[in-house]
Structures are given as C-alpha cells and as structure tokens.
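Values below: every heavy atom of this structure, side chains too, minus hydrogens, waters and symmetry copies. For ligands, and for the atoms within them, numbers begin at 1 and follow the listed sequence. Heads up: numbering here begins at 1 and tracks the sequence.
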Amino acid sequence: MLFSLAAQRFHEIEKIRGRLEMTDILADLFRMALPNEISDLVYLTKGQLLPPYKGIDLGLGERFAEEAISISTGHPKSNIQSYFKKSGDLGLTAEHFVSERKQQSLSSSELELSYVYDAMLKIATSSGTGSQQLKIRYLSDLLNSATPIEARYIVRFVLGQLRLGVGDPTILDALSVSKTGDKSLRNELENAYNLCSDLGFVAKTFKETPDKIKEFQIEIFKPIRPALAERLKTPEEIIKKLGRCFVEYKYDGFRLMCHKKGKEVEIYSRKLEKMTHMFPDVKKAILSLPHDEIIFEGEALAFNKKEDRFYSFQETMHRRRKHGIKEASLKYPLRVFIFDIQYLDGRNTSILSFKQRREIIEGIFPKGILHTSDGWIVEKPAKLRKIFDDAISKGLEGVMAKDLNSPYVAGKRKFAWVKLKKSYGAQMDTVDAVILGYYKGKGARAIFGFGGLLVGTYNNEKGRFETIAKIGTGFTEQEMEMLREMLDRIKLGHPPHDLDYEIKPDVWVKPLYIVEVAFDEITRSPSHTCGKKEGKGYALRFPRMIRIRDDKGIYDSTTTKEIKRMAGS
Ligand code: AMP
C-alpha cells in the first residue's frame, strides 16, 4: 500500500467529526491493506510505532525536524522557523515547504507504507553517538520523496503529535466492518485485544487467520488489559448486587501487573507501560517465587514498617522519577498487595472463579514484599461496613468487593469488582475526568496564564468524549504553572475530533490527562454534553481538582454511563 493513500485518509478523518464516518474510512483502508501491512497501518493511525508496553518513545525534537525540512526542501532554517512560529504546527510547516521545494532529489520515488513505518522506527530507536544526525538524515530522506500532504503526517508523527482522534473502540469497529460490513465481530476482536493489549497484533492475526481471534490466548510478556471496577454507594447496595462476596482493602497506590518466565521478569503499569526498572526490589522478590511462569496483579504501596502505616500515594510516587530509584526504594520500601492471578505454570487461571484464584494467591504469596491482599468473605452489610471503617482508619481509600464466581474480566468494567470509596459520603464524591482544554487566567491568575480546566467523561457507547465541568478551583499556584506548561505541549488548534461540546475553552488540548475531581452534586445544564437529553447534560456542581491521575489513561475516565448512575437516573 502506498503511504499517500493512508495520508489522504488521515486528511479526511481530520476533517470529520462523526465516529461512524471515521469508522467507514478506516474500514476501507484496513480492507485494502495486505496482511503484512495491517499492523503498521493500525499503529500509525494510533500515532504509535508499537504498543505502549514496548516502551518506544516518539518525540523527535522540533529543532531536528526543522533541520530535516530545511535539508530536504532547500529552504533556509530561519524561514522554516518563522513559518512554524506563525502556524504553530510543524506538520503544516513541512507541508508548505515541501510544496515549494527548491530541489527535487534524484532518488525520490513514491513512498510505500511499510517503508515509511520502518524509517520512523529507525528514527525512534537510533541511539548513541551520532544518532541525532542519523535521525535527521532518515527524516530528510523521507521528506525528499514525500508529497506535501504526506510530509504533514510524517512530521507530526515523528514529533509524537499525530492527532487524529481515533480511539481504540473506533479501530476495533473498523476492523470488524472491514471484513463483514458491520460490527458483528467487534466483541471477539475486543476480547482478543483485552488479552494482549496490542491492536496491531490483533489486526494482523485477524487479517491472516480470522478464526484465531476467537481462541486468543494469554501470553507472558504481553500485558492483559486491566479489569475495571464498578462503583456503588453503600454496603447494602453491594450485598444486594453481589450477595455473598469477598471484600478486600482498597489500597491507594500504584497498580502493577507482573509477568515472569524463567529468569525474566517484566512489570507493567495500569496504563500498560513497562515499569520494571522502577521496581528492582519487586523484581527480585518475583524472581525468588518458586514458579517458572506467572502473571499476577497487585497494588504497590510504600509502607512504613516502624510505624505500621502506609505512605500516601504522593510519597509512594517518589520512584516515578528517573533517578534515585535505589534511594527511594530504601527510604520508602514497598509492599505489593496481590489481588489477582491470571496465569500459573502453563495454566490460564484468569478463567477460574475469583474464589479459586484467591485460593491460589493465598497459597503462593509470602508475607514479605509480595503480600496477599487483606480480604474477607462477607455476607451482611454490617460486616462490610466494619471492614470499610477499618480500612479508612488505617489511612486506606476504601474497599473492593468481588464477585466470588466471576472470572477475571480483562479490560472491562463489570460488576465482578465493585468499589466503595471513602469520598463517597454525602459531602464529597469524586470522578476521574479527561482534560479537554483550559482557560487563560483573568485578574490575579493572568500571570500564570491559567484560570481553569474544561473536563469531560467518556461515553463508551458512542465512542465520544462529552464535557461535564469547568473547574476553577483546587489549584495551587505551582499546579497552575505546571498545568499550563503541561497542556501547552499538547494544545490543538481545534476541538478534539471525538468530542461533543457546547462551551469552548480558550485553548483546546489533546485528550491525554485525567484529573480526579471532587464536587457537591450532579446537576443538569444546557452547557454540558455529558449524557445530554432534552437539551440538558449532566454537570458537576462546585467542581474542585484533587490531583492529576497520571496512572490512568483517557479511556479509564469515569464514563457517562457511570455518571448517569451516580445521578440516580
Ligand atoms: P479506581 O482507580 O478508583 O477506579 O479503583 C480501581 C483501582 O483500585 C484498581 O485499578 C487498583 O489499582 C486499585 N486497587 C486497590 N486495591 C485493590 C484491590 N484489593 N483489588 C483490586 N484493585 C485494587
């Protein structure tokens, strides 16, 4: 497949807002791709080179891209920089200068999709001395052969700024439509994706041998997409829903999925990024387990042995810095509270009932760094309330109730797990909302260039984001500066393609970050689009930012469906 075809379709996708249209365009493109091209195409559409757990960083520096544009078009760098300053988009800058190319390279030819993909992979992965020059050369070679529209997407891609707004759900729908003309295979495809977290691999398997999708298997070193919890408001509601169930402490730490095969160990975050280097102590403990093959999950929390208390989430996060991991692991020793097991020595344990999985966990994990989570069988609301109160008095977040008969539900929010959190009292509730844009500060806040956030929820039935609140409070001065800087790096010149909105912020941003938001109640407002019906959407009254949830991805935000349920409708 020629790259120009993909670039043309990307251009069409950028111009439309409807998910259905987007699905059709992608389905058409997927249909045309050969089996050995489809995974490259899927990754490129997502603005990635490989699934996130492979840890490939895009994000070539802008200066290098300017240099490459200059070399390949013959225009001086100063012209390129001033055009970029005006347009704010190096992709458009590349497009402009390629269309006014002063010289045509002799070697230029039509670009194949796989050739572009391979070159981009080389740009992302070259390292060591001389690698910067090499990256510039790879990019200028690509631009030599590129048409203006191809140049736009190549440059945006290598900068890590391809913003098509195509989410995983749309890609899954499009794959199904590409084969059957409808979404009938979407569930099978989604189940396969949930087991391996690699959409490119799912797409390739689907194209080569569609039947294999049905019998997809868990593999070690391919992270499983995490099970998600539903929420209920009281112990009574939980017992009514689950009956006799298992209730564990809900630890407010860092979710880890650990994989081990022989002498190799990998640790993945909830967002499925490889985090092994940050947890040398946990890795050592996993290596000493008497099992050759294992996949399990737990919540890591810094623990103060002397005072018998947990450190806060912020203190636990000290190790997220690149340096000082060793020091942090001595100062804030971790415990990982193991709450699930998906695989053990050749056996897929994720299909067993929770009760059976719990028995396995209790039989394996010692009470050292790897610690079986605290939990009890519960039949009555009073006992659940007692465990909840104990958890709160120990400084924990609340409890997780689990359906004893349910298998592990990868990647889905089902009533297999139900959370009951401390903040769910009458006074304060929280949701995890996606940042969609920000307001520039007025008055005293003008110096920070930041006055508040526009945030939203994800409507997973429609595959679109919807706004729910304008947050003006809860920020420290430091946070305002940090947020402005952070959001400026992902600003968009237009609203995100997969957003329904009525009100506009001063600056739109790419949906990338989640914030935890407290509020007083859920009301209805014509200004917001969350679950909009009869002209009114759901809105948060008196929203306050609590913290950035950088352990969560955008599709982990609170869904519109959850908001409806929280509002009691
Ligand atoms: P939330 O982030 O509020 O949606 O709650 C779900 C998260 O709670 C999971 O992703 C885990 O990181 C965390 N968690 C803490 N303790 C447990 C537990 N015992 N079982 C399952 N998840 C837990």
Inset, instruction - Report the relative orientation of the aromatic rings in Phe254 and Phe279; use parallel for angles under 30°, tilted for 30 to 60°, perpendicular for over 60°. - result: tilted
Out of curiosity, is [X] lining ligand 1, as in a heavy atom under 4.0 Å away?
{"X": "Trp417", "answer": "yes"}
{"X": "Glu297", "answer": "no"}
{"X": "Phe254", "answer": "no"}

Flag the pair [X] and [Y] as a salt bridge only when some basic side-chain nitrogen lies within less than 4.0 angstrom of an acidic carboxylate oxygen.
{"X": "Glu562", "Y": "Arg413", "value": "yes"}
{"X": "Lys222", "Y": "Asp198", "value": "no"}
{"X": "Arg484", "Y": "Asp488", "value": "yes"}
{"X": "Asp403", "Y": "Lys414", "value": "no"}
{"X": "Asp173", "Y": "Arg186", "value": "yes"}

Contact atoms of ligand 1, heavy-atom distance to [X] under 4.0 Å:
{"X": "Lys421", "value": "3 (O)"}
{"X": "Arg549", "value": "2 (O)"}
{"X": "Lys419", "value": "1 (P), 3 (O), 4 (O), 5 (O)"}
{"X": "Lys552", "value": "1 (P), 2 (O), 4 (O)"}
{"X": "Arg255", "value": "9 (C), 10 (O), 11 (C), 12 (O)"}

Inset, instruction - Could you tell me whether Arg413 and ligand 1 have an N or O pair separated by under 3.5 Å? - result: no
Inset, instruction - Say whether Tyr251, considering both its backbone and side-chain N or O atoms, lies within less than 3.5 Å of an N or O atom on ligand 1. - result: yes
Inset, instruction - With Arg464 as the cation and Tyr458 as the aromatic partner, state whether NZ or CZ is under 6.0 Å from the six-membered ring centre and within 45° of the axis. - result: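 Because its charged atom misses either the 6.0 Å distance or the 45° angle limit, Arg464 does not stack over Tyr458.
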Inset, instruction - Would you verify whether the NZ or CZ of Lys394 falls within 45 degrees of the ring axis of Tyr249 while also being under 6.0 Å from that six-membered ring's centre? - result: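 No, a cation-pi geometry is absent between Lys394 and Tyr249.
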Legend entry - Part of Arg270 with heavy atoms under 4.0 Å of ligand 1, whether side chain, backbone, both or neither: side chain
Inset, instruction - Specify side chain, backbone, both or neither for Lys250, according to which of its non-hydrogen atoms lie closer than 4.0 Å to ligand 1. - result: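 Near ligand 1, Lys250 shows its backbone as well as its side chain.
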